[in-house]
Amino acid sequence: MTIGGVSETDLVERFEAQRPRLVRLAYGQLGSLAEAEDVVQDAWLRLERVDADEIRDLHGWLTTVVSRLALDALRSARVRREAYVGPWLPEPVVQEPGPEGRAERAEDVSLALLVVMESLSASERIAFVLHDVFGYSFDEVSAALGTSSASARQHASRARKAVEARRPRFPATPEQQREVVLAFGKAADDGDLDTLLELLHPDVVFTADGGGRVTAARRPITGADHVARVSALLAARRNWVLNLVDVNGMPGLFGVAPDGTKTVMSFTVDGGRIVAIDVQRNPEKMHGVTRDDVTDLEA
């Protein structure tokens with residue numbers, strides 16, 4: 001069977017070679033692996049319906065189609081999230097800790113960055129991810145947005161300013177964050193409030209996403225004292241172990257409760273102190289949690 005003069009086998013091979021890039025791109029734009037894979041699959045269905053011989057640049061064509069599909073998904077998601085129960089957090093990508101996982105460049109779309117990008121408009125987010133994260137030209141960005149290059153620049157500029165305003169001034173290296181996360185986990189398990197207060201920034205924000213399906217705080221918890229006490233209390237009630245993992249390329253914590261509920265904790269560290277803790281517990285957002293053979297906190 002041929003599609004526009006190109007054999008179906010050849011088209012499938014060419015598409016599959018680009019699938020990992022497209023999934024990473026869509027994930028950065030949407031903050032959900034499940035939605036990203038749906039978007040990429042939809043792009044394949046569209047590719048099947050066009051004359052492949054007329055596509056001069058398959059890489060560019062797929063980038064544009066995936067980005068436009070993501071743009072539509074983002075706009076419709078805004079409406080759905082208005083009815084979401086509690087805070088909304090992105091879907092995490094969890095890997096075994098170490099440079100091997102980071103080599104896959106999950107850090108291109110860190111969870112902290114995805115959280116910040118929630119404040120952007122759909123067009124600003126697409127422009128920022130395409131240009132600032134993945135390095136596409138503004139001509140390519142404008143094609144994806146269906147707008148002029150000048151307008152694409154404006155979208156990216158507004159997004160960049162918003163992101164820079166909320167990024168850590170002195171971000172931790174993976175090694176530095178690993179030390180802080182391990183110290184936090186031990187202090188919480190020990191109920192050591194003094195150490196927790198040393199690790200937490202005075203204005204730290206603790207946000208949990210249960211989606212109304214599992215137990216989670218319905219509002220963000222702010223302030224070092226409150227977050228320290230909540231962390232120690234949750235650790236005292238927990239009858240399962242949190243393990244060290246890489247969450248979107250940076251050290252975080254992962255555990256599975258006796259009832260099978262998974263918990264992923266990601267951390268934002270600035271100047272050696274934790275400024276944000278994002279806790280994902282919604283079972284529907286554990287698509288990217290694929291490994292249980294992780295490093296114990298005592299390692």
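In this chain, residues are counted from 1 in sequence order.
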Discussion item. Any side-chain to backbone donor/acceptor pair from R68 onto A143? Under 3.5 Å, distance only.
Written reply: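 Looks like yes, one N/O pair under 3.5 Å.
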Discussion item. I'd like to know if the side chain of Q280 and the backbone of N282 have a donor-acceptor N/O pair within less than 3.5 Å.
Written reply: yes
[X] and [Y]: which non-hydrogen atoms are nearest, and at how many Å?
X    : Y    : value
V39  : A26  : CG1-CB, 4.4 Å
F128 : A159 : CB-CB, 3.6 Å
A73  : L30  : CB-CD2, 3.8 Å

Do [Y] and [X] meet the salt-bridge criterion of a basic N to acidic O distance under 4.0 Å?
X    : Y    : answer
R19  : E16  : yes
K161 : E164 : no
D192 : K186 : no
R169 : D270 : no
E118 : R125 : yes
D209 : R281 : no

Would you compute the distance between atom [atom1] of [X] and atom [atom2] of [Y] and round it to the nearest 0.5 angstrom?
X    : Y    : atom1 : atom2 : answer
T63  : Y136 : OG1   : OH    : 3.5 Å
L47  : R14  : CG    : CZ    : 8.0 Å
D189 : L234 : CG    : CG    : 11.0 Å
R153 : R160 : CZ    : CZ    : 9.5 Å
L113 : R166 : CG    : CZ    : 10.5 Å
M250 : Q176 : CE    : CD    : 8.5 Å

Practice prompt. Test S123 against L71 for side chain to side chain contact (heavy atoms under 4.5 Å, CB included), laying out the working first.
Written response: CA-CA 7 Å; S123 295; L71 185 63; 4.1 Å; yes
Would you call [X] and [Y] a side-chain contact if the rule is heavy atoms closer than 4.5 Å?
X    : Y    : value
P171 : V269 : no
L200 : I277 : yes
D278 : F206 : no
V264 : M286 : yes

Could you check whether [Y] and [X], counting side-chain N and O atoms only, form a donor-acceptor pair closer than 3.5 Å?
X    : Y    : answer
S137 : D139 : no
Q29  : S67  : yes
S121 : R158 : no

Discussion item. According to side chain to side chain contact (heavy atoms under 4.5 Å, CB included), who are the partners of P220, at least two apart in sequence or on a separate chain?
Written reply: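 In terms of side chain to side chain contact (heavy atoms under 4.5 Å, CB included), with neighbours along the sequence ignored, P220 is linked to P87, V205, T207.
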Practice prompt. Give the other cluster members for Y84, using side-chain heavy-atom distances under 4.5 Å between Ile, Leu, Val, Met, Phe, Trp and Tyr residues; answer none if it is isolated.
Written response: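 Besides Y84, the cluster holds W88.
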Worksheet item: Apart from L89 itself, what residues make up its hydrophobic cluster when side-chain heavy atoms of I, L, V, M, F, W and Y under 4.5 Å apart count as a link, directly or indirectly?
Response: V115
Fill in: Residues forming a ring-ring contact (aromatic ring centres under 6.0 Å, His included) with H131, sequence neighbours excluded
F138
Discussion item. Per the ring-ring contact (aromatic ring centres under 6.0 Å, His included) rule, what does the pair list look like for residues 261-284, sequence neighbours excluded?
Written reply: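 Residue pairs passing ring-ring contact (aromatic ring centres under 6.0 Å, His included), neighbours aside: F184-F267.
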Do [X] and [Y] belong to the same hydrophobic cluster, where Ile, Leu, Val, Met, Phe, Trp and Tyr are linked whenever their side-chain heavy atoms lie under 4.5 Å apart, directly or via other members?
X    : Y    : answer
L11  : W61  : yes
L233 : L242 : no
I126 : F134 : yes
V214 : L253 : no
V275 : V116 : no

Worksheet item: Which pairs count as side-chain hydrogen bond (donor to acceptor under 3.5 Å, both in side chains) when at least one residue sits in residues 211-227, sequence neighbours excluded?
Response: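 For residues 211-227, and leaving out neighbouring residues, the side-chain hydrogen bond (donor to acceptor under 3.5 Å, both in side chains) pairs sorted by first residue read R213-E284, D225-R229.
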Item to complete: Pick out which of L196, L199, I274 makes a side-chain contact (heavy atoms from CB on, under 4.5 Å) with V204.
Response: I274
